[in-house]
Protein chains: 2
Amino acid sequence: MTEAIKRALDEIEFGPDGLVPAIAQQHDTGEVLMMAWMGRVCYWSRSRQALWRKGETSGQVQRLHELRLDCDGDAVLLLVEQDGVACHTGRRSCFFRAWRNGGWSVIAAPLIPPEQLYPEEKP
Amino acid sequence: MTEAIKRALDEIEFGPDGLVPAIAQQHDTGEVLMMAWMGRVCYWSRSRQALWRKGETSGQVQRLHELRLDCDGDAVLLLVEQDGVACHTGRRSCFFRAWRNGGWSVIAAPLIPPEQLYPEEKP
């Protein structure tokens with residue numbers, strides 16, 4: 001771990017489970033893509049000599065544009081460049097349900113069929 | 001609790017602590033303002049006959065524009081109209097630190113002095 005990464009992590013207030021909530025936002029349009037949990041751990045594939053990262057299976061990678069930290073250091077905002085879709089359902093954003101007229105409405109359609117994102121999960 | 005609110009809550013996957021992470025985003029500009037935790041509890045002031053809500057002390061209220069729910073129902077996105085500032089430091093957004101050149105840089109200045117937001121906390 002480099003000194004710079006250590007300094008970055010030092011300011012982040014990880015929860016008792018070692019995780020911090022992370023919001024991914026498309027850097028130019030402002031679209032909130034997903035919320036996930038980040039920990040200190042990075043996965044390293046010895047066979048492929050590469051870091052594990054979102055999109056490795058689906059091909060829908062997120063490139064980090066900028067990392068932001070909130071006032072009390074317990075949440076991070078990732079400004080990203082999202083290739084294709086962020087949601088496992090094949091939709092651009094995970095936040096595709098809106099509360100309208102007394103019920104949850106689906107407000108976005110899949111751009112890619114989920115079975116195309118995860119072909120190896122087919123029976 | 002009305003039937004509609006009950007239906008809305010039924011789809012939300014609250015964590016073991018009864019809370020769900022909530023992201024507040026300015027509805028028109030896309031600016032991510034803050035991340036907080038929401039539970040099923042609403043506070044009701046009998047003396048004032050009003051719900052407790054963010055901004056009651058600081059005057060910096062958030063009006064809900066739309067409520068969104070993510071794919072697996074365990075995070076909500078609030079599209080809001082933010083009056084003034086969202087951050088207790090007097091900044092528009094809580095995410096005012098960015099990782100640049102190997103360190104955390106403060107990229108936004110307070111718009112309102114914090115002591116003006118919380119005058120009752122003065123000694």
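Per chain, numbering begins at 1; letters A, B, ... match sequence-line order.
Expressed to the nearest 0.5 Å, how far CH2 of A/W104 lies from CG of B/D10 amounts to 11.0 Å. Rounding to the nearest 0.5 Å gives a distance of 13.0 Å between CZ of B/R97 and CG of A/L77. Rounded to the nearest 0.5 Å, atoms CG (A/D74) and CH2 (B/W37) are 8.5 Å apart.
At a 4.5 Å heavy-atom cutoff, B/R91 makes no contact with chain A through either its backbone or its side chain. Heavy-atom distances place the side chain of B/I23, and not its backbone, under 4.5 Å from chain A. Interface remark: B/L79 contributes no atoms to any contact with chain A (heavy atom separation under 4.5 Å).
A chain of hydrophobic side-chain contacts below 4.5 Å, direct or via other Ile, Leu, Val, Met, Phe, Trp or Tyr residues, connects A/M35 to A/V32. Note on A/M34 and A/L78: same hydrophobic cluster, where clusters join Ile, Leu, Val, Met, Phe, Trp and Tyr whose side-chain heavy atoms are under 4.5 Å apart, directly or indirectly. Residues A/L33 and A/V20 are members of one and the same hydrophobic cluster, defined by side-chain heavy-atom contacts under 4.5 angstrom among Ile, Leu, Val, Met, Phe, Trp and Tyr. Taken together through direct or relayed side-chain contacts under 4.5 Å among Ile, Leu, Val, Met, Phe, Trp and Tyr, B/V80 and A/W99 form part of one hydrophobic cluster. Under the 4.5 Å side-chain contact rule for hydrophobic residues, B/L111 and B/F96 do not share a cluster.
Between A/F95 and B/V76 the shortest heavy-atom distance is CE2-C, 3.8 Å. Of all the heavy atoms in A/G30 and B/Q25, the pair that sits closest is O-NE2, 2.6 Å.
Comparing B/T89, B/V106, B/L67 by heavy-atom pairs within less than 4.5 Å of chain A, the highest count is held by B/L67.
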Open item on the list: As a quick check of understanding, evaluate side chain to side chain contact (heavy atoms under 4.5 Å, CB included) for B/R68 and A/I107, giving each step before the final call.
Closed with: CA-CA 10 Å; B/R68 301 233 177 120; A/I107 59 167; 3.3 Å; yes
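Dense packing is recorded around CD of A/E81, with more than 12 heavy atoms of other residues, nucleotides or ligands lying under 6.0 Å away.
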